[in-house]
**Q** 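Below is a structure I'd like to ask you about.
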Protein chains: 2
Amino acid sequence: MASEDARSRRTALERDTGNGSKSAGAPPAGAAAQRHIPPASLDRLPVYLRVLTAMLGDGIERVSSDELAEAAGVNSPKLRKDLSYLGSYGTRGVGYDVAYLSGQISAALGLTLTWRVAIVGAGNLGRALAGYPGFGSRGFEVVALLDADPMVIGQEVGWLRISPVDSLEAVLAKTRANMAVLAVPAEVAQDLCDRLVESGITSILNFAPVVLQAPDDVQIRKVDMATELQILAYHAQRSQALRIAERARLAR
Amino acid sequence: MASEDARSRRTALERDTGNGSKSAGAPPAGAAAQRHIPPASLDRLPVYLRVLTAMLGDGIERVSSDELAEAAGVNSPKLRKDLSYLGSYGTRGVGYDVAYLSGQISAALGLTLTWRVAIVGAGNLGRALAGYPGFGSRGFEVVALLDADPMVIGQEVGWLRISPVDSLEAVLAKTRANMAVLAVPAEVAQDLCDRLVESGITSILNFAPVVLQAPDDVQIRKVDMATELQILAYHAQRSQALRIAERARLAR
DNA sequence: TGTTGTGAACCCTTTCACAGCA
DNA sequence: TGCTGTGAAAGGGTTCACAACA
């Protein structure tokens, strides 16, 4: 797997531990010299951001940790801990300013600049992703859609024209893509991953049901529906077994 | 949290209902009332299963924990620990029998019976899921595909005909679906979730970018590409910042 | 000999309780 | 008074080293 930071270089922009440094108020939005957000916490930030964005759309200006936690499906101490890794952006006795907090989370996630995404594979899945409204809306722009099938190359999908995957390297260079999504059959995923890495892509979202091998400095995340269903099956079978055992116990 | 839960004994699967069960020896694949697999471990079992299935297809009969771990992208102590929660299915000095081990993992996950899946939403994503080969092959059968759009209702997708979501309850009953996949816009996801729960569905895989609220006995898992991309963005931005800091340090 | 299975140490995550502050 | 921010405790997960054993 190409994650596991493992190395803690201490390059973390000086050591402003913020430990009691109340003078340092809110840092100017921008460079956001954040320090290492724990992975478990990082996984939840996008959820908070989405909830906050929805609240913003509803005209809600302030929110308490209880309310936000409720809407995000976590408990409030966990939420506050998570937010504390970013900084102290709330007001005691009051709560959080929705607009300000969502801005801070966006900054922490690196969404202040727009990421240029190439989608490799233009089957139903690739098209669904290309058309996904959540993409374009916030921080991500789909700049290329590629496929190997001569029948679909050249077709238009939304604003995009499907490019031949043969010219992957040229397309990546021309579009200056800095992220890639793999929505291709499992058999060709590793090969395409290699080509992406060779072209300098270091962030890959993989929908193919294979474990990709890549250098450690390449970040790969996997989305896999079969895996998710199998985990659901485990729980379902388990509670089913419990019900049967219970019934047997009662009948005894 | 007052569960008695005796500190785990030696073996993982004890409590056979004792109905004419053999004594020692390999347990008959079956109801395996297994004992609580830790969530973190559970998340990895599908990966192992997939790798093993691939090996089986390649005619590989035996595998060591090192080889399997390598292929699954984890380290070998972790793999062995994970497998130990299921039982002792390896042979010391030799390794694991690929066919046997994959059978045991399948059983542990509850894939011995076929789960009947209803897919709600027949857009590109829903169709991609309905046509996903990994579904039918591995313990899951798509038994219904539903949509709200009158223009697509009645269309055929593979073996399926798209049903009107208005008759969701009737379709679930007729097809005896016991799992559901939500591939619908965020705005209608909670409403459909409620209807699924009302109809007795307790396992839901949610692709809509919302946090669904449901009773505790309903298992919900979420798949969300926007979330995944945002996490990738964090890492990308971070290593970018590190490179810049490094360059500044060298220039100093 | 070679590899599995596992207690124990270590590390990360979550929870709790309350100090700190508007 | 009310809600945030955070040390400290509790709870899991991962790693390690090695005992067990074909």
Side-chain angles (χ1 to χ4, degrees), chain A residues 1 3-8 17-26 35-45 47-48 61-70 72-98 100-101 104-105, chain B residues 1-3 5 7-13 24-26 35-45 47-48 52 61-70 72-98 100-101 104-105:
Chain A
M1 183 89 70
S3 61
E4 317 288 350
D5 58 325
R7 281 156 257 300
S8 51
T17 321
N19 186 2
S21 64
K22 23 192 115 167
S23 58
R35 72 205 310 29
H36 185 66
I37 301 171
S41 182
L42 180 58
D43 283 349
R44 289 183 292 266
L45 291 184
V47 179
Y48 305 153
E61 291 180 7
R62 265 193 341 222
V63 69
S64 71
S65 63
D66 270 344
E67 295 163 343
L68 184 50
E70 159 82 19
V74 302
N75 56 28
S76 60
K78 189 187 282 183
L79 171 86
R80 292 201 300 275
K81 228 334 166 228
D82 286 342
L83 295 183
S84 79
Y85 294 122
L86 309 183
S88 298
Y89 298 137
T91 307
R92 293 170 199 240
V94 177
Y96 301 89
D97 181 280
V98 174
Y100 183 67
L101 182 57
Q104 291 302 329
I105 296 179
Chain B
M1 190 176 288
S3 78
D5 186 12
R7 249 317 103 208
S8 65
R9 288 250 150 205
R10 208 46 65 88
T11 41
L13 52 113
R35 164 168 232 48
H36 185 67
I37 301 170
S41 182
L42 180 59
D43 282 349
R44 290 183 292 266
L45 291 183
V47 179
Y48 304 153
L52 287 167
E61 291 180 5
R62 266 196 337 226
V63 69
S64 72
S65 63
D66 270 345
E67 296 162 341
L68 185 50
E70 158 82 20
V74 301
N75 56 28
S76 59
K78 190 188 283 184
L79 172 85
R80 292 203 297 276
K81 200 41 133 190
D82 286 341
L83 294 184
S84 78
Y85 294 122
L86 309 182
S88 298
Y89 297 138
T91 307
R92 292 169 199 242
V94 177
Y96 300 89
D97 181 281
V98 174
Y100 183 67
L101 181 57
Q104 292 301 329
I105 295 179

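What you are looking at is a predicted structure, and each value in this text was computed from that prediction instead of being measured.
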**Q** Take atom NZ of B:Lys78 and atom P of C:dG5, then tell me their distance rounded to the nearest Å.
**A**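 That distance rounds to 18 Å.
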
**Q** Looking at residues at least two apart in the chain, or sitting in another chain, which of them share a salt bridge (Lys or Arg N to Asp or Glu O under 4.0 Å) with B:Arg80?
**A**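 With sequence neighbours excluded, B:Arg80 shows a salt bridge (Lys or Arg N to Asp or Glu O under 4.0 Å) to no residue whatsoever.
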
**Q** Run the side-chain hydrogen bond (donor to acceptor under 3.5 Å, both in side chains) test against A:Asp66 and tell me which residues pass, sequence neighbours left out.
**A** A:Ser76

**Q** What's the CG-P distance between B:Leu86 and C:dT4, to the nearest Å?
**A**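 Value for this atom pair: 15 Å.
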
**Q** Quick one: side-chain contact (heavy atoms from CB on, under 4.5 Å) partners of A:Pro39, sequence neighbours excluded?
**A** none

**Q** Nearest to the side chain of A:Pro77, which nucleotide is it out of D:dC16, C:dT14, C:dC16?
**A**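 Closest of the options to the side chain of A:Pro77: C:dC16.
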
**Q** List, with names and distances, any nitrogen or oxygen atoms from the protein found under 3.5 Å away from nitrogen or oxygen atoms belonging to nucleotides 2-5 of chain D.
**A**
unit_1: D:dG2; atom_1: N2; unit_2: A:Gly93; atom_2: N; d: 3.4
unit_1: D:dC3; atom_1: O4'; unit_2: A:Gly93; atom_2: N; d: 3.2
unit_1: D:dC3; atom_1: O2; unit_2: A:Gly93; atom_2: N; d: 3.2
unit_1: D:dT4; atom_1: OP1; unit_2: A:Ser65; atom_2: N; d: 2.6
unit_1: D:dT4; atom_1: OP2; unit_2: A:Ser65; atom_2: OG; d: 2.5
unit_1: D:dT4; atom_1: O2; unit_2: A:Arg92; atom_2: NH1; d: 3.2
unit_1: D:dG5; atom_1: OP1; unit_2: A:Tyr89; atom_2: N; d: 3.2
unit_1: D:dG5; atom_1: OP1; unit_2: A:Gly90; atom_2: N; d: 2.8
unit_1: D:dG5; atom_1: OP2; unit_2: A:Tyr96; atom_2: OH; d: 2.6
unit_1: D:dG5; atom_1: O4'; unit_2: A:Arg92; atom_2: NH2; d: 3.1
unit_1: D:dG5; atom_1: N7; unit_2: A:Arg80; atom_2: NE; d: 2.9
unit_1: D:dG5; atom_1: O6; unit_2: A:Arg80; atom_2: NH2; d: 2.9

**Q** Considering only heavy atoms from C-beta outward, does the side chain of A:Ile37 approach that of A:Asp82 to under 4.5 Å?
**A**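 SC-SC contact between A:Ile37 and A:Asp82 ruled out.
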
**Q** Using a heavy-atom cut-off of 4.0 Å across all strands, would you classify B:Arg62 as base, sugar-phosphate, or nothing?
**A** nothing

**Q** Can you tell which of C:dT13, D:dT15, D:dG7 lies closest to the side chain of A:Lys81?
**A** D:dG7

**Q** I need the CG-C1' distance between B:Leu79 and D:dC16, as an integer number of Å.
**A** 16 Å

**Q** Sort and list the pairs that fulfil salt bridge (charged side-chain N to carboxylate O under 4.0 Å, His left out) and have at least one residue in residues 84-97 of chain B, not counting sequence neighbours.
**A**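 For residues 84-97 of chain B: none.
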
**Q** For A:Lys81, which residues count as a side-chain contact (heavy atoms from CB on, under 4.5 Å) partner, sequence neighbours excluded?
**A**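 For A:Lys81, the residues satisfying side-chain contact (heavy atoms from CB on, under 4.5 Å) (neighbours in sequence not counted) are A:Ser84, A:Tyr85.
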
**Q** How long is the line joining CZ of B:Arg44 and P of D:dG13, in whole Å?
**A**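 Going from B:Arg44 (CZ) to D:dG13 (P), I get 9 Å.
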
**Q** Quickly work out the B:His36 NE2 to D:dG11 P distance and round it to whole Å.
**A** 14 Å

**Q** For A:Asn75 and C:dT14, is the shortest distance between a side-chain N/O and OP1 or OP2 below 4.0 Å?
**A** no

